Amino acid sequence: MRKTTLRRGCAALATATSIALALTACGGTTKKDVANEGGSAAGAGKADPNAELKKGLTVGFLPKQVNNPYFTTADKGGEKALKELGSGYKEVGPSSATDTAGQVSYVNTLTQQQVDAMAVSAQDPGALCTALKQAMKNGIKVVTYDSDTTPGCRNAFVSQASAEDLGRTEVQLLAKQLDYKGEIAILSAAQTATNQNTWIDFMKDELKKPEYKNMKLVKVAYGNDDAQQSFQQTQGLLQEYPNLKGIISPTTVGIKAAAQYLSGSKYKGKVRLTGLGTPNDMRKYVKNGTVEAFELWDPAKLGELAARTAVALSSGQITGKEGETFTAGSMGEYTIGKDGVISLGKPTVFNAENIDRFDF
Ligand code: RAM
């Protein structure tokens, strides 16, 4: 693979200078930046569905946060698939879910190390764009997984499920438990997180339907995928809104911390909680009556699909264009959708009846 030297610019600046300067130079994300990032990075060259899968590649995983068990499981799924495919794996990433500048510099590190592909879960949709485009100019294939950037800044996005389905079903799950009545709040991750923000937009849209006329979203709080902050935010929500009846937390760190708080408080079983969590984190809260139902996909499968997509892109089997298909090993055949999105499938709803069948 031909690789050119890293060009000067914002991306290079982020590694070469202080984090503060890099942030100023590269900027955070505004809605306008995202809206202006049109086009797609897919379609460079032509896909050859019969191309042989290359071996000996290196794929770098860059999660939102390295010490988050969700990403540990996801990235292990990627590592296992790469081993099977005869390629190498590495993982780099920040330990905080709000270290956007750190993520930028990790993209630059992977570019300088000349990996063949990278799989990135974006903390912020716009902040990584310049660095990711630089990586692609250097011949590196870029897959986002879990949390996207914008279509022009990566070759493909491996999505956990339909964002619309996730947003709407979380409201539906909570509404049933509340009998469609009362004040509710959302406990999210980082304020810039692409995935959570997309789901929240669909939650708000779902709440506009007439069946929810007696439910009111009073606040969206941010726990930054930090256990302590999420716990404190839950406590704060209940102090600020004593009539709160339900919480949706679309983050594995948030829902676990909220469940921990509720289960040790007078609100246990009274204030309903749902969202996205892992069965292993949530088992005890389902069994002790704090949580009735919540959902998630299998993070290991998400990581595996991201790895297999990266290898298919690097091998020329796909370019990221809508309509292209490829076989992701034993996971079967996937078709690339609009804007280069590849969807893992439907999430699972976990409750007291089925939770013991899952171990992740
Ligand atoms: C957290 C992260 C991740 C999200 C899951 C549900 O671990 O925010 O991005 O997909 O929750």
Side-chain angles (χ1 to χ4, degrees), residues 61-78 91 93-100 103 119-125 127-128 143-149 157-167 169-170 173 186-203 220-231 233-234 247-260 273-282 291 293-306 341 343-350 358 360:
F61 270 68
L62 169 44
K64 271 183 182 174
Q65 193 186 20
V66 280
N67 53 354
N68 175 338
Y70 166 86
F71 285 109
T72 308
T73 309
D75 294 4
K76 276 207 184 115
E91 189 200 51
S95 52
S96 151
T98 56
D99 183 9
T100 306
Q103 268 210 318
V120 181
S121 173
Q123 286 189 2
D124 178 311
L128 295 182
V143 177
T144 45
Y145 71 112
D146 175 71
S147 182
D148 199 11
T149 161
F157 169 48
V158 176
S159 172
Q160 41 276 76
S162 142
E164 175 161 4
D165 259 17
L166 282 174
T169 54
E170 281 168 60
L173 272 176
I186 294 171
L187 172 67
S188 189
Q191 206 160 354
T192 56
T194 329
N195 50 346
Q196 271 90 11
N197 286 342
T198 313
W199 302 330
I200 291 170
D201 283 347
F202 282 114
M203 288 178 204
V220 181
Y222 299 93
N224 293 327
D225 273 347
D226 175 274
Q228 205 183 338
Q229 285 180 45
S230 305
F231 187 92
Q233 287 293 325
T234 311
I247 300 174
I248 300 176
S249 187
T251 131
T252 56
V253 180
I255 195 173
K256 183 183 178 191
Q260 201 182 353
L273 171 66
T274 191
L276 302 174
T278 70
N280 288 353
D281 277 349
M282 300 304 291
V291 173
F294 63 97
E295 57 186 340
L296 199 72
W297 48 93
D298 182 345
K301 290 278 172 220
L302 183 71
E304 173 171 356
L305 189 55
V341 178
S343 181
L344 180 67
K346 286 232 172 265
T348 304
V349 175
F350 307 99
F358 301 91
F360 59 83

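Predicted model only: the values in this text are computed from it and were never measured. As the structure lists them, so they are numbered: ligands from 1, and atoms in each ligand from 1.
At a heavy-atom cutoff of 4.0 Å, ligand 1 is contacted by the side chain of Q160 but not by its backbone. With a heavy-atom cut-off of 4.0 Å, V253 does not touch ligand 1 at all. Under 4.0 angstrom from ligand 1, the non-hydrogen atoms of T252 come from both its backbone and its side chain. Residue contacts with ligand 1 for W297 involve side-chain atoms from C-beta outward but no N, CA, C or O (heavy atoms, distance under 4.0 Å).
Here the closest non-hydrogen pair linking F350 and L296 is CE1-N, 3.5 Å.
Between the side chains of D225 and Y70, no donor-acceptor pair of N or O atoms lies under 3.5 Å. In summary, the side chains of D75 and Y145 do present a donor paired with an acceptor at a separation below 3.5 Å, with no hydrogens or angles considered.
Side-chain contact between D298 and F360 is present, with heavy atoms from C-beta onward closer than 4.5 Å. In this structure, L187 and T234 have side chains that are in contact, with non-hydrogen atoms separated by less than 4.5 Å. For the pair N68/T252, a side-chain contact is recorded, criterion being any heavy-atom separation below 4.5 Å from C-beta on. The side-chain heavy atoms of N195 and D146, taken from C-beta on, include a pair separated by under 4.5 Å.
Close approach of ligand 1 to F71 is summarised as follows: ligand atoms under 4.0 Å from at least one heavy atom of the residue are 3 (C), 9 (O). Within ligand 1, counting atoms from 1 as listed, the ones closer than 4.0 Å to a heavy atom of N195 are 3 (C), 4 (C), 9 (O), 10 (O). Interface of K64 with ligand 1, defined as ligand atoms under 4.0 Å from a residue heavy atom, comprises 2 (C), 3 (C), 8 (O), 9 (O). Under a 4.0 Å criterion applied to the non-hydrogen atoms of W199, ligand 1 contributes the atoms 10 (O).
Looking only at distances, a side-chain donor or acceptor of Q123 sits under 3.5 Å from a matching main-chain atom of K64.
For atom 10 (O) of ligand 1, the nearest protein heavy atom (residue, atom name, distance) is D146 OD1, 2.5 Å.
For the residues L296, T73, T251, D225, the heavy atom positioned nearest atom 8 (O) of ligand 1 is part of D225.
Using a 4.0 angstrom heavy-atom cutoff, Q196 counts as in contact with ligand 1.
For a threshold of 3.5 Å applied to N or O pairs, the pair formed by N68 and ligand 1 contains at least one separation below that value.
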